[in-house]
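The structure under discussion appears below in the form of C-alpha cells.
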Amino acid sequence: MFGRRSRGAVALGLAGLLVLPASASGQTGEIAFPPGIWEGSAFFNGTYETAGVRADGSSYENVRRVTASSINFKELVANEKGEVIDGDMEVDISWVDDGTGTTIAFGAVHPYHVRHEHRQTGSLAMTGSARRLVAAGTLDWETQTYSDGDLVEEVSGVEPVEVEWVFSASEANCATVTGRLVEATGVSLMATVLLPQIVFEEDLEAFNELVSLFWAWPQLGDPQVIKEAVEEVTIAANEALDGPPTVEDILLLVRAVEALRLELARLDVCQIPLEGFVPQFSDSWLAFILRDALAAALELVGEYTPQELIALLNAGVRGQAVDDDLHRRFGDALGQALDKAIEEEDVDTIRDIATAAGRYGYSDLYKDAVAALPEEPG
Amino acid sequence: MSARLVPIAALLMLGSMACSKAIRPEATSPPQGPSPYQEATAAPFGQPLLKGLPQVEVLGPPESGAGEVPVFSWESVEGAATYDLVVLGPDGPLWAWQGKETEVALGALPFERPPGMGGPVIAAGSCWSVIALNADGHVVAASDFLPVSPAESIGHICVPGSGGQ
C-alpha cells in the first residue's frame, strides 16, 4: 500500500514526537502498585537504523529489527508500601541485525550483506517499585550469522548474558499500572531503545523507532481472558506500528485496548478507591503507540482519502492520543483535502470536512468549507 | 459481578425520564448565536452543525447535570451504516466513538464505571454531536452541536468550529 518512508519525513515525524510530554495524564496522585499480586506484559517493537559513509568512501546501512517479543511478568507481589518483594519476568525476544554496504579493497568497491539473528530467553527476578521496577538476571543468548544468505557462523550452545532492565510507571490506578523502559545494562537490543531518536552527524544518520512499554494488572478473575485481551492488544499494536497504518489498524488497536479495559473493569477491584491513587485514563503507552502511528500516517496525507483522515482523527481521539500538535496537523491535512475537494467540486467530501471541522473546533476550516458548499434551494 | 455494574439501558431509562425530546430550530449556515428554544426547556439544544443536513434526533444526555460519565443516545437514522460521536472539551477533543449502536456511555464501558477505575470524564462547558454515515463514509445526518456539563450549568452554547462559549 505504501512505499518506504523518506528519511526527511521520518525525521520530521520523530521530531514531533520528541516534544511530546512523557505522559499525557494529568497525574496528581502517588504512582505505586496497590498491594496484591500482579501480572504484566512488556511491549517491545520497532527498528533502529543507521547509515553512513566511512573515511575510505565505503558505505554501510544497518537495520536492527525486533522480530518476536514475549515479555511477561509473573506473580509480581506488592506489599502495603507498594514495594515489589517478589516476581519474575519471563523473556523470549528475537531480533535481527541486518547490515549491507560496500568495502573497498585494491581500489575496487565490493558490496556485502551480513545478517545476525539473535534470540534471548530466560527468567529475570523483579524487585523495586512502580517508579523503579527492576528486572535483573541472566538470559541465554543465541546468535546465528549469515552472509549473502548463507549461514557462515552458528554459535554452538548458548551464551549467558547478564542484563538489568529498569521500567518506570507513569500512571497507576487500582486496575492498571503502565510505564516504560528507562534504563538497560548488559548486551541486549533493549539498551538501544534508550538511544536518541534521531542522530545526524557528518558520516552517520541514526533513526530510533524502538519502543518498550509495559502495563500490569491485578491477578484476579479469569487469567486466560485477560491474557487473551493483552495478546490482542499486542498484535494490534505491532500491526499499527508496522509502517503507516490503515484506519482499520488504528481502530483495531483502540478496540483491543477498550476490550482489555473492559475486562479489567470486570475484575471489580476498584470498589473501594485506594487512598493516594487518582484514577487515570490516558493510558500513556497506548497514546504513545497511537501518536507514533498517526504521526506516520500524517507524513503521507495524500495516501488517505479525506474520510479516512477524519476516521483516523476520530480513532485517535477515542484512544486519547490526539494532543495539540496532532490536532493541528490533522487540521492542516484536512485543509489540503478541502482544497482538493473544492477543485474537484466534490460536494459530499466538502460536507464531510465541514462537519468534522465544526465538531473539532477548526474555525477557519469550518468557515471555508461551509462557504464552499452550494446554496440550499429555497 | 457487583451490583454497581448497572446496565446502560437502566441508566438511559433514568435519563430519558429527566428530559424530553428536543424540538429542533431551523438550520442556518453557518449558525450564529444560541438556539431560540434554549430557555424553553431542559432538553438538549444546540446549534446545527451544517445547513441542509437531515437531523439525528438526540435523546440524551441533558445539557447540564449529566454526570461525569453521561450516556449519549439518539434515534436511529434510516440509511445509516454507522454513527460517529465526538465530544469536544474546553481544552480540545475529549473523546470520540464509532459504532452501529444508538447509545453509548462516555468511555464505552457497557456498565457503570467502577469507582477508582480510570476513564474520560465530562468537563464543564463541553460540546458533543453525533453524525450518521452511509456505507461510503459520507455524512448523511447530523445532530446539533450540543452543550453538556456534569453538574448544573449556568448555560453555555456550542458554536460549530469554535466549541463551547
Side-chain angles (χ1 to χ4, degrees), chain A residues 25 171 173-176 251 258 261-262 264-274 277-283 305 307-308 310-311 313-320 322-324 327 348-349 351-352 354-367 369-371 373 375-377, chain B residues 1-2 4-5 27 29-31 47-53 82 84-99 107-121 127-131 133-134 136-143 145 158-164:
Chain A
S25 72
E171 295 166 22
N173 63 53
C174 47
T176 318
L251 277 175
E258 287 177 351
R261 190 178 296 126
L262 173 62
L264 293 171
R266 283 192 207 284
L267 292 178
D268 218 10
V269 293
C270 301
Q271 290 298 316
I272 304 170
L274 293 157
F277 290 93
V278 176
Q280 298 294 320
F281 176 61
S282 64
D283 280 338
T305 67
Q307 290 72 30
E308 287 176 324
I310 294 166
L313 172 59
N314 289 342
V317 171
R318 183 171 176 169
Q320 305 274 293
V322 176
D323 58 7
D324 290 346
H327 187 250
D348 284 345
T349 293
R351 190 179 292 115
D352 294 339
T355 307
R359 309 170 85 197
Y360 278 109
Y362 294 119
S363 177
D364 291 342
L365 183 65
Y366 180 67
K367 288 174 187 166
V370 168
L373 284 169
E375 289 290 326
E376 288 296 314
Chain B
M1 188 60 61
S2 163
R4 288 176 186 270
L5 307 185
S29 177
Q47 299 207 358
L49 276 172
L50 212 56
K51 179 182 178 182
L53 271 180
T82 188
D84 183 314
L85 182 146
V86 170
V87 182
L88 187 67
D91 299 322
L94 185 63
W95 190 66
W97 171 89
Q98 307 82 35
L109 275 183
F111 43 76
E112 187 180 358
R113 186 182 303 168
M117 182 84 188
V121 294
C127 303
W128 75 281
S129 60
V130 58
I131 61 174
L133 304 174
N134 64 16
D136 294 328
H138 292 300
V139 180
V140 294
S143 74
F145 198 44
C158 291
V159 179
S162 300

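Below, read A as the first sequence line, B as the second, and so on, with proteins coming before strands; counting in each chain starts at 1.
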Can you name the nearest heavy-atom pair linking B/Gln98 to A/Ala315, along with the distance?
-> NE2-N, 4.0 Å

B/Leu133 side, atom CG; A/Asn314 side, atom CG - distance, nearest 0.5 Å = 8.5 Å

Do A/Glu258 and B/Leu109 pass the side-chain contact (heavy atoms from CB on, under 4.5 Å) test, and can you show the C-alpha distance, the side-chain angles, and the key distance before you say yes or no?
-> CA-CA 8 Å; A/Glu258 287 177 351; B/Leu109 275 183; over 6 Å; no

Distance, nearest 0.5 Å, that separates CG of B/Asp84 from OG1 of A/Thr355 | 10.0 Å

Interchain contact, A/Leu313 with chain B, by part (heavy-atom threshold 4.5 Å) = neither

Member of B/Leu49, B/Val140, B/Leu50 meeting the side-chain contact (heavy atoms from CB on, under 4.5 Å) criterion with A/Arg351 | B/Leu50

Taking all heavy atoms of A/Gln320 and all of B/Pro120, pick out the closest pair and write down the distance.
-> NE2-CB, 4.3 Å

Here the pair of heavy atoms bringing A/Leu262 nearest to B/Pro110 is CD1-CD, 3.3 Å

Answer key: most heavy-atom pairs under 4.5 Å with chain A among B/Asp136, B/Val86, B/Asp91 is B/Val86

Scanning both residues in full, the closest heavy-atom pair of B/Phe145 with A/Gly358 reads CZ-O, 3.7 Å

Engaged part of A/Leu251 at the chain B interface, taking heavy atoms whose separation is under 4.5 Å = side chain

Residue part contacting chain B, namely of A/Tyr360, when any heavy atom lies under 4.5 Å | both

d(B/Ser162 OG, A/Lys367 NZ) to nearest 0.5 Å is 6.5 Å

Option in A/Gln307, A/Arg359, A/His327 with maximal non-hydrogen atom pairs under 4.5 Å from chain B = A/Arg359

From CG (A/Asp352) to CD1 (B/Ile131), nearest 0.5 Å | 7.5 Å

